[in-house]
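These notes are about the structure you will find just below.
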Amino acid sequence: MKFGGTSMAGTERIRRVANIVRKQAAGDNEVAVVVSAMAGETDRLVNFCREANALYDPAEYDVVVASGEQVTSGLLALTLQSLGCKARSWLGWQIPVKTIEAHAKARIESIDAPEMVAAMEAGEIAVVPGFQGISEDGRVTTLGRGGSDTSAVAVAAAVKADRCDIYTDVDGVYTTDPRIVAKARKLKAVTYEEMLELASVGAKVLQTRSVGLAMKEGVRIQVLSSFVGDDAVAADELPGTLIVSDEEMDELVEKGLMERQLVTGIAHDKNEAKVILTRVPDKPGAVAHIFEPLAEASINVDMIIQNVGRDKGETDVTFTVPQADLARAQALLEDRRGEIGFNRIITDSKIAKISVVGVGMKSHAGVASTMFRALSDRGINIQAISTSEIKVSVMIDEDETELAVRVLHTAYGLDATD
């Protein structure tokens with residue numbers, strides 16, 4: 001079981017979480033709980049680091065920010081004990097959660113948990129702080145923003161859990177953002193592949209890395225709400241959304257528990273920016289000169305369009321980068337102007353990416369044309385397109401985001417009928 005920051009924000013909410021955990025443990029389950037820091041706490045700790053030293057040492061930064069989860073894991077263990085449960089906290093270095101790579105963005109290499117598993121088998125609830133681990137040289141590390149989801153999936157894989165329940169502030173995965181489309185439907189199940197695409201194109205429910213790990217390790221995830229009343233159905237009754245393999249999805253469809261949808265969901269992301277380089281030489285290697293410096297600076301490029309070459313042997317190249325990286329990308333390209341040979345840079349941060357995702361696209365033609373026709377009928381101009389096997393994304397004007405999501409949700413028959 002994993003609980004996010006809003007679920008752990010204060011002693012009253014921690015008591016509510018403890019009751020949900022106790023109910024699960026009472027049903028003859030061996031339970032491990034992964035917790036995030038209280039909502040806003042990590043930001044507060046990051047600010048302390050910046051005030052102490054603007055050029056802070058990442059290893060000491062990790063020591064400070066990892067303390068947020070240490071507090072909530074101790075508090076949840078104490079609260080569970082007050083309810084008559086056997087419980088203890090297991091910090092990242094005690095399990096241990098071994099990590100590799102840099103501080104502040106470490107990756108889990110292995111979790112060696114025989115002691116914790118033995119304690120769980122003896123009826124003790126294990127409470128694990130998310131987001132933290134230990135480096136090869138024995139120092140505390142953190143996994144980067146949203147890392148508690150990844151911790152939860154990794155712990156679930158290590159203890160060979162039947163399921164990893166991720167409790168969040170929404171009660172499942174919807175066909176789109178219910179705040180934009182009132183008729184959005186909660187999905188009973190989604191495949192790993194679809195969830196990966198949805199997470200990568202703007203759906204905020206799960207961190208992309210955690211879904212990738214679940215897919216690799218075969219961990220079944222369930223997304224459900226921690227804001228449930230004391231009389232709510234237990235998690236084993238499956239009130240949330242299951243994230244499963246293609247094989248399990250096929251079984252659910254065969255049993256009549258799920259309908260096979262052509263399109264699973266519509267996601268949107270307003271955190272993209274468009275960059276146009278004009279009059280780039282139309283010759284081999286020109287595009288490499290543009291994207292190599294961006295790759296070296298770890299700036300993720302998404303959609304790319306190269307216009308047809310002009311008579312003078314020149315072309316325009318358009319691409320998107322995360323909005324937060326726009327200024328850096330612009331500066332890097334200006335530095336390489338002579339090498340790349342472009343005329344000028346035009347940027348636009350008032351754009352949005354709208355994506356249609358569904359595993360059904362693999363075997364059905366016409367998904368993209370439905371999207372283009374629906375947007376065209378409402379006068380929404382498409383500035384760029386990118387596709388994968390189960391996704392079509394388009395770039396449009398930011399002002400038209402909500403309209404585009406509503407139009408597409410209806411066009412693919414995703415609106416709830418009741």
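One is the number of the first residue; the rest follow in order along the sequence.
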Under 4.5 Å between any side-chain heavy atoms of [X] and [Y], yes or no?
X    : Y    : value
K274 : T347 : no
R50  : Y56  : yes
Y192 : D246 : no
R88  : Q94  : yes
E197 : S388 : yes
M195 : I221 : no
D177 : V181 : no

Output yes when a side-chain donor or acceptor of [X] lies under 3.5 Å from a complementary backbone atom of [Y], and no otherwise.
X    : Y    : value
D302 : V321 : no
D171 : S225 : no
E292 : H289 : no
T72  : S36  : yes
H409 : V405 : no
T241 : G172 : no
R185 : L414 : yes
T410 : R406 : yes
N29  : Q24  : yes

Would you call [X] and [Y] a salt bridge, using N to O less than 4.0 angstrom?
X    : Y    : answer
R15  : E12  : no
R139 : D137 : no
R220 : D162 : no
E398 : K270 : no
E193 : K391 : no
D165 : K2   : no

[X] [atom1]: over 12 foreign heavy atoms closer than 6.0 Å:
X    : atom1 : value
D28  : CG    : no
K105 : NZ    : no
K350 : NZ    : no
E109 : CD    : yes

[X] side, atom [atom1]; [Y] side, atom [atom2] - distance, nearest 0.5 Å:
X    : Y    : atom1 : atom2 : value
L326 : D348 : CG    : CG    : 9.5 Å
I125 : M1   : CD1   : CE    : 8.5 Å
R107 : E101 : CZ    : CD    : 5.5 Å
L78  : S73  : CG    : OG    : 9.5 Å

Would you please test Q323 and S349 for side-chain hydrogen bond (donor to acceptor under 3.5 Å, both in side chains) and show each step?
CA-CA 7 Å; Q323 220 170 77; S349 56; 4.8 Å; no
Heavy-atom pair with the smallest gap, counting every atom of [X] and [Y]:
X    : Y    : result
L80  : R22  : CD2-N, 4.4 Å
A404 : I354 : CB-CG1, 4.2 Å
V153 : V219 : O-CG2, 4.0 Å
I108 : S151 : CD1-CA, 4.1 Å
W90  : E124 : NE1-OE1, 4.3 Å
Q132 : Q70  : NE2-N, 4.4 Å

Over 60° means perpendicular and under 30° means parallel, so tell me whether F291 and F319 are parallel, tilted or perpendicular.
perpendicular
Could you walk me through whether L277 and I345 pass side-chain contact (heavy atoms from CB on, under 4.5 Å), step by step?
CA-CA 5 Å; L277 298 185; I345 298 183; 3.4 Å; yes
Report the C-alpha separation of S393 and S355 in whole Å, then their side-chain angles, then the decisive distance to 0.1 Å, and conclude whether the side-chain hydrogen bond (donor to acceptor under 3.5 Å, both in side chains) test is met.
CA-CA 4 Å; S393 296; S355 305; 2.7 Å; yes
State whether a side-chain donor-acceptor pair under 3.5 Å links E194 with T191.
yes
Does any donor atom in the side chain of S135 or T141 lie under 3.5 Å from an acceptor atom in the other side chain?
no
Apply side-chain hydrogen bond (donor to acceptor under 3.5 Å, both in side chains) to the pair D415 and Y412, showing each step before the final yes or no.
CA-CA 8 Å; D415 294 349; Y412 288 108; over 6 Å; no
Audit row: I382, M371, side-chain contact (heavy atoms from CB on, under 4.5 Å) steps and yes/no
CA-CA 10 Å; I382 296 170; M371 183 183 203; 5.9 Å; no
side-chain contact (heavy atoms from CB on, under 4.5 Å) evaluation trace for I351 with D397:
CA-CA 5 Å; I351 60 154; D397 218 309; over 6 Å; no
Given the rule in the side-chain hydrogen bond (donor to acceptor under 3.5 Å, both in side chains) test, do S226 and S7 qualify, once you have shown the distances and angles that lead to the verdict?
CA-CA 6 Å; S226 57; S7 311; 2.6 Å; yes
Taking it one step at a time, do V301 and T320 satisfy side-chain contact (heavy atoms from CB on, under 4.5 Å)?
CA-CA 6 Å; V301 174; T320 62; 5.8 Å; no
